[in-house]
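Structure record follows, encoded as structure tokens.
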Amino acid sequence: SLLLMSGIALAVGLGRGWTRRRLRSRPRLRSFLLESLGTFQVCACTSELCLLGAVEPQPHTALSLTYGFTVLHGLSLAGSTCNPCGSLRALRTGGTVAGAVGIIAQFVAAGLARFFMRLVWSLGMAEAHLGALSQGCGRPIQTTEVQAFCIELLFSVVFQLTVLRVETVNPKYRVHLVALLITMLAYAGGNLTGAIFNPALAFSLHANCFYENFFHYSLVYWIAPSLGKFLML
């Protein structure tokens with residue numbers, strides 16, 4: 001699993017480097033591909049991390065991997081939000097086209113990441129992959145709908161506000177602060193809602209749940225984080 005996630009990060013890094021060099025004259029396409037690749041990396045690696053949640057000792061292994069790969073994402077995906085809530089800021093400040101392109105890229109990449117990971121799991125390369133395909137909706141919400149809505153709303157506000165406040169911090173320190181915050185939120189709410197606060201990531205991880213009960217899950221994983229972003233602004 002660690003080799004798989006590292007390979008994904010390496011491939012995405014090469015793709016982003018090629019995109020930056022070759023598409024300088026096409027900024028809109030360049031932006032779309034960079035955001036797509038970044039979101040693909042986040043969604044694919046998080047899908048694999050979810051399979052490692054039961055690895056002993058619990059929850060230390062899962063939290064350590066969450067922190068480590070969040071740092072990796074922060075260092076390798078600089079300049080990309082990989083979260084539709086982040087792209088909403090561009091819509092508010094007048095960058096309607098840029099914000100819309102970013103959101104479309106994120107959801108397209110989320111769907112591709114889900115398809116790719118299920119294809120990889122079907123190969124049965126690791127023990128954790130064997131039962132992954134047979135799982136339908138994993139029922140990530142382990143509390144009431146109102147409480148789940150409030151948790152994702154609160155976590156979105158805390159996360160987005162922290163990102164805004166640490167923008168002036170040296171990048172090599174900022175990435176660790178954000179990773180620490182995400183790890184703390186995962187520890188605090190991971191057993192209740194998964195502590196996702198990212199609509200594209202939620203869609204990638206729990207597409208079956210959206211299919212079975214779209215209103216319920218869209219309210220918790222799409223509307224709550226987006227509302228949190230607007231409240232923070």
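The model shown is predicted, which means the values in this text are computed figures rather than measured ones.
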_Point-to-point distance, once rounded to the nearest 0.5 Å, from OG of S6 to CG of L72_ = 7.5 Å
_I'd like to know whether L153 forms a side chain to side chain contact (heavy atoms under 4.5 Å, CB included) with F149, so could you lay out the CA-CA distance, the side-chain angles of the two residues, the decisive distance to 0.1 Å, and finally the verdict._
CA-CA 6 Å; L153 173 65; F149 180 89; 4.2 Å; yes
*asked:* Using only atom types and a distance under 3.5 Å, with no angle test, would you say the side chain of T61 pairs donor to acceptor with the backbone of Q58?
replied: no
*Report yes if some heavy atom in the side chain of N191 is under 4.5 Å from a heavy atom in the side chain of Q142; otherwise report no.*
no
*Shared hydrophobic cluster for L192 and V220 (ILVMFWY, side-chain gaps under 4.5 Å)*: no
*Would you kindly say whether R118 and S47 are connected by a side-chain donor-acceptor distance under 3.5 Å?*
no
*Would you find a donor on one side and an acceptor on the other, under 3.5 Å apart, between the side chain of R16 and the backbone of L34?*
yes
*Contact list for residues 47-75, test ring pair (Phe, Tyr, Trp, His ring centres under 6.0 Å), sequence neighbours left out*: none
_Take a 6.0 Å sphere around CZ of F203 and say whether it holds more than 12 heavy atoms from other residues, nucleotides or ligands._
no
*Determine, step by step, whether L123 and H129 satisfy the side chain to side chain contact (heavy atoms under 4.5 Å, CB included) criterion, reporting the C-alpha distance in whole Å, the side-chain angles of both residues, the deciding distance to 0.1 Å, and the verdict.*
CA-CA 8 Å; L123 302 178; H129 296 170; over 6 Å; no
*Which pair of non-hydrogen atoms, one from I196 and one from A202, has the smallest distance, and what is that distance?*
CG2-N, 3.7 Å
*Enter the distance from T70:OG1 to L181:CG here, rounded to the nearest 0.5 Å.*
10.0 Å
*Going hydrophobic residue to hydrophobic residue with side-chain gaps under 4.5 angstrom, can you get from L75 over to Y173?*
no
*Take Q106 and S87, measure what side chain to side chain contact (heavy atoms under 4.5 Å, CB included) needs, and give me the verdict at the end.*
CA-CA 9 Å; Q106 289 151 2; S87 298; 3.0 Å; yes
*Which atom of L77 lies closest to which atom of G38, heavy atoms considered*: CD1-O, 3.5 Å
*Check for a donor-acceptor pair, side chain of T81 on one end and backbone N or O of G86 on the other, with a separation under 3.5 Å.*
no
*asked:* Please tell me whether L29 and L112 are part of a single hydrophobic cluster in this structure, the criterion being side-chain heavy atoms less than 4.5 Å apart.
replied: yes
*Please check if atom CZ in R20 has more than 12 non-hydrogen atoms from other residues, nucleotides or ligands closer than 6.0 Å.*
yes
*Is Y211 reachable from L205 through a run of I, L, V, M, F, W or Y residues, each pair having side-chain heavy atoms under 4.5 Å apart?*
no
*Could you grab the distance from atom CD of E48 to atom CG of L65, nearest 0.5 Å is fine?*
10.5 Å
*asked:* Do T66 and Y187 make a side-chain contact, defined as non-hydrogen atoms from C-beta onward lying under 4.5 Å apart?
replied: no
*At their closest point, which heavy atom of C45 faces which heavy atom of M5, and how far apart are they?*
O-SD, 3.4 Å
*Is there a side-chain contact between P84 and N198, using heavy atoms and a 4.5 Å cut-off?*
yes
_Salt-bridge contact R139-E212 (side-chain N to carboxylate O under 4.0 Å)_ = yes
*Taking all atoms of both residues into account, what is the closest heavy-atom pair of C137 and Y217, and its distance?*
SG-OH, 3.7 Å
_Interatomic distance, N208 atom CG to N213 atom CG [nearest 0.5 angstrom]_ = 13.0 Å
Which side-chain N or O atoms in residues 163-170 pair as donor and acceptor under 3.5 Å with protein atoms at least two apart or in another chain?
unit_1 : atom_1 : unit_2 : atom_2 : d
E167   : OE2    : R89    : NH1    : 3.0
N170   : OD1    : K172   : N      : 3.1

_What I'd like to find out is whether the side chain of R30 reaches to under 4.5 Å of the side chain of S25, using heavy atoms alone._
no
*Does a side-chain heavy-atom distance below 4.5 Å link Q41 with S76?*
yes
_Test item: Y221 side-chain N/O and T193 main-chain N/O as donor-acceptor pair under 3.5 Å_ = yes
*asked:* Could you check whether any side-chain N or O of S122 sits under 3.5 Å from a backbone N or O of L119, counting only pairs where one atom can act as donor and the other as acceptor?
replied: yes
*Give, for atom CZ of R26 and atom CG of L33, the distance between the pair rounded to the nearest 0.5 Å.*
9.0 Å
*Residues that E145 engages under salt bridge (Lys or Arg N to Asp or Glu O under 4.0 Å), provided they are two or more places apart*: none
_Measuring from atom CG of L201 to atom OG1 of T39, what distance do you get when rounded to the nearest 0.5 angstrom?_
9.5 Å
*Check for a donor-acceptor pair, side chain of N83 on one end and backbone N or O of A200 on the other, with a separation under 3.5 Å.*
no
*Who passes ring pair (Phe, Tyr, Trp, His ring centres under 6.0 Å) against F159, sequence neighbours left out?*
F197
*Identify the heavy atoms of E35 and A105 that sit nearest to each other, and give their distance.*
CB-CB, 4.1 Å
Let me check something: any side-chain donor-acceptor pairs from residues 224-233 under 3.5 Å, sequence neighbours excluded? List them with distances.
unit_1 : atom_1 : unit_2 : atom_2 : d
S226   : OG     : W222   : O      : 2.8
K229   : NZ     : Q160   : OE1    : 3.3

*Do you know which two heavy atoms are closest between V71 and A179, and how far apart they sit?*
CG2-CB, 3.5 Å
*Partners of A44 by side chain to side chain contact (heavy atoms under 4.5 Å, CB included), sequence neighbours excluded?*
I8, F40, A113, M117
*Are L185 and L63 connected, step by step, through hydrophobic side chains (Ile, Leu, Val, Met, Phe, Trp, Tyr) whose heavy atoms are closer than 4.5 Å?*
no
